[in-house]
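Worksheet for the structure shown next.
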Amino acid sequence: MDFQISMPDPESILIIGAGQAGGCAAATLRGEGYAGRIVLVGAEQHRPYERPPLSKSVLSDPESEPGIFLHKPEFHEGLKLEYLPGTRVSDLDPAGKVAHTADGGQIPWDRCLLATGGRVRLLPGVPEGMANVYYLRELDDARRLRERLVPGARVVVLGGGFLGLEFAAVAREKGLEVTVVEAGSQLLGRAAPALFADWLREQFAASGVKVLCNAGVKGIQPAGQGVAVQFADGGELAADFVLVSIGQVPNVELAQSCGLAIDNGIAVDPAGRTSAPDIFAAGDCASQDNRWLGRRVRLESWQMAQEQATVAARAMLGKPADCDLIPWFWSDQLGMNLQMLGVPEPGLQYEVRGAMDGGKFSIFGFDQVHRLRYVLAVNNGADMRPLRNLLEAGKQAPRDQLLDAGKPLREIVKQALAA
Ligand SMILES: Cc1cc2nc3c(=O)[nH]c(=O)nc-3n(C[C@H](O)[C@H](O)[C@H](O)COP(=O)(O)OP(=O)(O)OC[C@H]3O[C@@H](n4cnc5c(N)ncnc54)[C@H](O)[C@@H]3O)c2cc1C
């Protein structure tokens, strides 16, 4: 399905948010031949960068920092952007087509992209800026955390999601005493089946990380040079510092204040259009119908930010644009590469291809009629491409063949695609 509208090229495009989606949209606009004015406004001081390395390589190796930026400085300059780092848009006027910045500036625009991303969810009752309590979203957060990765230090990670676990793995590698505290009954509660979460918990335990599940946290108090994490059941855990990693909140306030439709994020159509003419949104701040899942979702992932930004940039120029993706996500932890295709929807039945003991396997999620709906590949990235091709083609392979680890997956998929 293409969404194409006939409209002249705008004279001026404003991109609010100079993160992954904002930076990618700017490059796409120029790549599509747009020669008009592009203003890229970013609240951070850094030019657009990718966040995945922040909880991985950047924590352990300062030398990896230059590799996180979306574009080399010369390419960035070649885009001929009016780039305003360290500038926050405080007000957007859709009728007058002007944006106001917190420092008193005004930016007129013909079309505007909201790429405002998200921010960390704060732990209720803990004052912002409390000593020895950290969050992780921005490069500066990762730099501050890196300073604390000193062998022998005690860290408590609140939240057993991908980000918290990636941090825990790096901290352990660096020789810290690490405890992961998860309120739910399993790690990765929203993102992976229990079959995998239980296995992963064992891997963390084997690496020396303590994992507490079903552990409700009541608060954090200063204690000596560090902190005490207080549990709902009355217990306490002393630590030198805490990383709070309990999810993200989309930055929708600008959109909300100018009356745009919000539905767990700024609601956009498949081309990235919001409910207001000439305003688009992409990335972590946006929610969109996902055809594979059959519902509107807001997915915080590198893949979505990249694709939605590319699509919205094309749509802003009146070109065919349609975001139609099977969700894909990756994570690196404890020296393992994890890749996921689809999401673990309720009602799926999970089966393993390969041996979990060997540390290289895939978990397949089948629906009631044995259709493959979800894949989690552990150190098995080579399985992903053929499976993506299969599902993107709307085809299926027989379940018993998929589960037969003795048969090369590429062959199984090749046959299924040809059938
Ligand atoms: C630590 C970490 C690790 C991750 N690891 C993975 C991974 O392994 N795999 C994966 O697929 N995904 C991962 N992700 C998710 C992925 O990085 C995000 O989905 C992606 O960065 C979203 O891009 P975005 O441009 O929408 O938002 P962002 O990159 O957050 O950019 C938004 C920018 O907008 C700015 N902004 C907000 N409001 C305003 C305003 N009013 N005026 C001006 N500027 C504003 C913000 O300061 C920010 O710089 C990770 C995310 C984090 C935080």
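All ligand and atom numbering here is 1-based and tracks the order in the structure.
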(message) Within the 3.5 Å criterion, strictly below it, is a donor on Q339 or N337 matched to an acceptor on the partner's side chain?
(response)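 Result is yes, a qualifying pair exists.
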(request) Check the side chains of R353 and N380 for a donor-acceptor pair under 3.5 angstrom, ignoring hydrogens and angles. (result)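 No, R353 and N380 have no side-chain donor paired with an acceptor closer than 3.5 Å.
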Run the numbers for me: atoms of ligand 1, each under 4.0 Å from some heavy atom of [X], listed by number.
X	answer
A305	22 (C), 23 (O)
E44	47 (O), 48 (C), 49 (O)
G19	25 (O), 29 (O), 31 (O), 33 (C)
G283	26 (O)
Q20	20 (C), 21 (O), 23 (O), 25 (O), 29 (O)
A115	32 (C), 33 (C), 34 (O)
I16	40 (C), 42 (N)
V41	43 (C), 44 (N)

(message) I'd like to know if R296 and D263 make a salt bridge, using a cut-off of under 4.0 Å between side-chain N and carboxylate O.
(response)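 Here R296 pairs with D263 in a salt bridge, since their nearest N and O are under 4.0 Å apart.
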(request) Output yes when K56 and E166 qualify as a salt bridge under the 4.0 Å nitrogen-oxygen rule, no when they do not. (result)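 Looking at E166 together with K56, the answer is yes, because their closest N to O distance falls below 4.0 Å.
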Backbone, side chain, both or neither: what part of [X] comes under 4.0 angstrom of ligand 1, heavy atoms only?
X	result
D332	neither
K56	side chain
W330	both

Cation-pi between [X] and [Y]: NZ/CZ under 6.0 Å from ring centre and within 45° of the ring axis?
X	Y	result
R111	F280	no
R51	W302	no
R47	F69	yes
R373	W292	yes

(request) Report the member of T87, L139, L70 with the shortest heavy-atom distance to atom 43 (C) of ligand 1. (result)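 Comparing heavy atoms across T87, L139, L70, the nearest one to atom 43 (C) of ligand 1 lies in T87.
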(message) Given M304, R51, H46, identify the one with the heavy atom nearest to atom 53 (C) of ligand 1.
(response)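 Minimum heavy-atom distance to atom 53 (C) of ligand 1 goes to R51.
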Distance from [atom] to nearest protein heavy atom, with residue and atom:
atom	answer
atom 37 (C) of ligand 1	T116 O, 3.2 Å
atom 35 (C) of ligand 1	G17 CA, 3.8 Å
atom 3 (C) of ligand 1	S55 OG, 3.3 Å
atom 19 (O) of ligand 1	D284 OD1, 2.7 Å
atom 42 (N) of ligand 1	V89 N, 2.9 Å
atom 4 (C) of ligand 1	P52 CA, 3.5 Å
atom 15 (C) of ligand 1	E300 O, 4.0 Å
atom 27 (O) of ligand 1	G117 CA, 3.3 Å

(request) Assert yes or no for the condition that the ring centre distance of F204 to W199 is strictly below 6.0 Å. (result)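 No, they do not, as the ring centres are separated by 6.0 Å or more.
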(message) Applying ring pair (Phe, Tyr, Trp, His ring centres under 6.0 Å) to F162 and F329, what does each step give before you reach the verdict?
(response) CA-CA 10 Å; F162 282 115; F329 188 88; 5.0 Å; yes
(request) Apply the test ring pair (Phe, Tyr, Trp, His ring centres under 6.0 Å) to residues Y134 and F241: give CA-CA distance (whole Å), side-chain angles for both, the deciding distance (0.1 Å), then the verdict. (result) CA-CA 8 Å; Y134 294 81; F241 70 103; 5.6 Å; yes
Does [X] reach ligand 1 with a nitrogen or oxygen that is under 3.5 Å from one of the ligand's nitrogen or oxygen atoms?
X	result
Q303	no
A43	yes
W302	yes
R137	yes
A21	yes
S301	yes

(request) Would you mind reporting whether P85 and H46 have side-chain heavy atoms less than 4.5 Å apart? (result)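 They are not in side-chain contact.
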Provide the closest heavy-atom pair for [X] versus [Y] in the form atom of the first, atom of the second, distance.
X	Y	value
A27	L79	CA-CD2, 3.9 Å
Y34	R30	O-NH1, 2.8 Å
R137	L54	O-CD1, 3.2 Å

(request) Go through the steps to decide whether E44 and Y49 satisfy the test side-chain hydrogen bond (donor to acceptor under 3.5 Å, both in side chains), and finish with yes or no. (result) CA-CA 10 Å; E44 288 179 72; Y49 61 90; 2.4 Å; yes
